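A short worksheet on the structure shown next.
All values derive from a computational prediction rather than experimental measurement.
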Amino acid sequence: MSMNGTVAVRTALALYPVRYRRERGEELADVFADTTAGAGPVAKVRELFDLGAYGLRMRTGLTSSSGGGRLAALAAPLVVGAAGGLAAGHALLTYLTLGLSRASLLYSLPYWVMCGAAVLSAVVAMLGRWTAAKLLAVVAALAAVADLVRAVSEPQVVQPLWIFLAVFEWSGPFVFWALLLLAAPKDALPVPTWRERGLALAAAVITPVAALTDNVYTSFHQLDPQWRALMIAVPLVMALSAVRGWYLVAVPGLVALPWAVCVNLQALWQQEGGAWRLLPMAVLTVAAAVALALLGRPKGMAGPRGRQAA
């Protein structure tokens, strides 16, 4: 089959790096044609999606042979556990506090979809159904975005940024966690064992406890801005330690970072007197974290076990 056979195949191949596409494009197109010969439209769409998705992974460096892809795969059990635990804990608290009527369910439907999809994502992931877990994580992320839009677009809202940050504290992590889960290559994701299930369960317990202990309502006047900045800087430095091959440190930092950013953003904005005042702090924090992570980086480091490049 020629690369120019269909617009869909050309579009999928356009996601590959230019050099790789020039060298292997015709071969990939022929393999796609052979694989889908006689297949139905659903199978063809699935193969086409897989073809384009792998090209995008190659372009972004998130394959199973890259450090970034393997880091995301190592973090996946903690990601689904943290998301499922936070969703279950907050949904239970909301139900016990406000109850659940038909009117409130319809009004807050994106919120409940977000919570339900996140919990189901964790469950199916621990059953080894990572594709379904990713799809449910995407549903949770889209529902989180819808909940944010609903909150700031209500007629009575006079301070949309304040409302956005207040809702983002709870909804924002699900967006970032879904992106982390999508970044994990399917062939690098683990077959869940008791170890992975234990890690997911630990994350599911720790995350809601931390979230309900430290949020804008319970600790707005208890934490100074420098402590809130430190809560973001520590997991950021931990996550960036992956460039030195410290994956045991990087994985929990990477998983904690979305929550740490979201839970402290509103309080920092209010305590500092405006969003623009956060910019110098953010620039210094990121610059210091990157410098610390890159300082003394071993040459030829590749992968979670620190194997030297041949």
Distance-only, no hydrogens or angles: does the [X] side chain make a donor-acceptor pair with backbone N or O of [Y] under 3.5 Å?
X: T207; Y: A204; value: no
X: R57; Y: A183; value: yes
X: N264; Y: A260; value: yes
X: R70; Y: S65; value: yes
X: W177; Y: P258; value: no
X: R197; Y: M126; value: yes
X: S121; Y: A117; value: no

Is the shortest side-chain heavy-atom distance between [X] and [Y] below 4.5 Å?
X: V175; Y: C262; answer: no
X: P192; Y: P77; answer: no
X: L165; Y: E169; answer: no
X: F176; Y: L257; answer: no
X: W170; Y: D147; answer: no
X: L86; Y: F174; answer: yes

For [X] and [Y], which heavy atoms make the closest approach, and how far apart are they?
X: R21; Y: Y16; value: NH1-O, 2.9 Å
X: V124; Y: A132; value: CG2-C, 4.0 Å
X: V251; Y: L78; value: CG1-CD1, 3.6 Å
X: M114; Y: A144; value: SD-CB, 3.6 Å
X: A118; Y: A83; value: CB-O, 3.8 Å
X: A151; Y: I163; value: O-CG2, 3.6 Å

More than 12 heavy atoms of other groups within 6.0 Å of L248 CG
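Open.
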Is it the case that more than 12 heavy atoms not belonging to R129 sit under 6.0 Å from its CZ atom?
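Check fails, neighbour count at 12 or below.
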Checking side chain to side chain contact (heavy atoms under 4.5 Å, CB included) for the pair V80/K134: CA distance, chi angles, key distance, verdict?
CA-CA 9 Å; V80 294; K134 288 185 178 186; over 6 Å; no
Is there a path of hydrophobic side-chain contacts, each under 4.5 Å between heavy atoms of I, L, V, M, F, W or Y residues, that connects [X] with [Y]?
X: V9; Y: M58; answer: yes
X: V152; Y: L148; answer: yes
X: L13; Y: L48; answer: yes
X: L189; Y: L136; answer: no
X: L182; Y: L180; answer: no

Under the criterion side chain to side chain contact (heavy atoms under 4.5 Å, CB included), I'd like the reasoning laid out for H90 against Y95: C-alpha separation, chi angles, the key distance, then a yes or no.
CA-CA 9 Å; H90 198 262; Y95 174 75; over 6 Å; no
Tell me whether the rings of F168 and F164 are parallel (<30°), tilted (30 to 60°) or perpendicular (>60°).
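Ring orientation of F168 relative to F164: parallel.
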Can a side-chain donor-acceptor contact be found between S171 and Y111 if the only test is distance below 3.5 angstrom?
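There is no such pair (donor and acceptor under 3.5 Å, judged by atom type) between the side chains of Y111 and S171.
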Going from OG1 on T193 to CD on E196, what distance comes out if it is rounded to the nearest 0.5 angstrom?
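Taking OG1 in T193 and CD in E196, the distance rounds to 3.5 Å.
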Pairwise distance CG(L230) to CG(L236) - rounded to 0.5 angstrom:
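L230 CG to L236 CG: 11.5 Å, rounded to 0.5 Å.
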